[in-house]
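Scroll down for the structure; my scribbles are underneath it.
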Amino acid sequence: LALAFAPSAAAATATAIAGEAKMTLVSGGSDFLMFWHDLVVAVADGGNDTRLVGHASQKYSFPLGRSIEVQRLAFSGDGRWFAIAGSGIVELWDAAARRKVRTLEQALPKDGVDIGVNSSMI
């Protein structure tokens, strides 16, 4: 199972004050599926009381192709880009549009996948 949270300035601010924060969580694994979860979290009591108040999911079957399990996931620091990796393939996605931009074959790193601070490197 691989998980990645999109960075959100609203979520960081919400831990200090009461309110709602919107977050994105992406999950994937050996079932060849990827799920985008849009979450709304209520924060109260200075961040000591947090609960999920809204949730919507979108399923992608075989995002890397048939029989390729999702092994690694990562968002860029600004949340604009998303990388998904498995079995020698890395795909770069536009996170807002939720669409694949580029596929890099024979590119899977051994220790994980990450997007550089200025989004110039995977």
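Keep in mind the model is a prediction, meaning the values are calculated, not measured.
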### Message
For Phe75 and Trp93: C-alpha separation, side-chain torsions, deciding distance, then whether ring pair (Phe, Tyr, Trp, His ring centres under 6.0 Å) applies.
### Response
CA-CA 9 Å; Phe75 278 95; Trp93 287 51; over 10 Å; no
### Query
Looking at Gly79 and Ala95, what are the two nearest heavy atoms and their distance?
O-CB, 3.3 Å
#### Entry: All side chain to side chain contact (heavy atoms under 4.5 Å, CB included) counterparts of Thr103, not counting sequence neighbours
Ile89, Glu91, Lys100, Glu105
### Query
Atom CH2 in Trp36, atom CD in Gln58: separation rounded to 0.5 Å?
9.0 Å
### Message
Under the side-chain contact (heavy atoms from CB on, under 4.5 Å) test against Ile84, which residue among Val90, Val70, Val26 passes?
### Response
Val70
#### Entry: Nearest non-hydrogen partners of Asp94 and Val101, listed with the distance
N-CG2, 3.5 Å
### Task
Provide the closest heavy-atom pair for Gly28 versus Leu73 in the form atom of the first, atom of the second, distance.
N-CD1, 3.8 Å
### Message
Once rounded to the nearest 0.5 Å, what's the spacing between atom CG of Leu92 and atom CZ of Phe82?
### Response
10.0 Å
### Task
Rounded to the nearest 0.5 Å, what's the gap from CG on Leu39 to OG on Ser57? Could you check?
7.5 Å
### Message
Whether the His37 and Ser27 side chains hold a donor-acceptor pair (N or O, under 3.5 Å, no angle test) is what I'd like checked.
### Response
yes
### Contact check, side chains of Met23 and Val41, non-hydrogen atoms, under 4.5 Å
yes
### Query
So, for Trp81 and Asp78, which heavy atoms are closest and what is the spacing to 0.1 Å?
N-OD1, 4.3 Å
### Query
Any chain of hydrophobic side-chain contacts (each under 4.5 Å) joining Leu25 to Leu52?
yes
### Summary
By salt bridge (Lys or Arg N to Asp or Glu O under 4.0 Å), Asp38 pairs with (sequence neighbours left out) Arg98
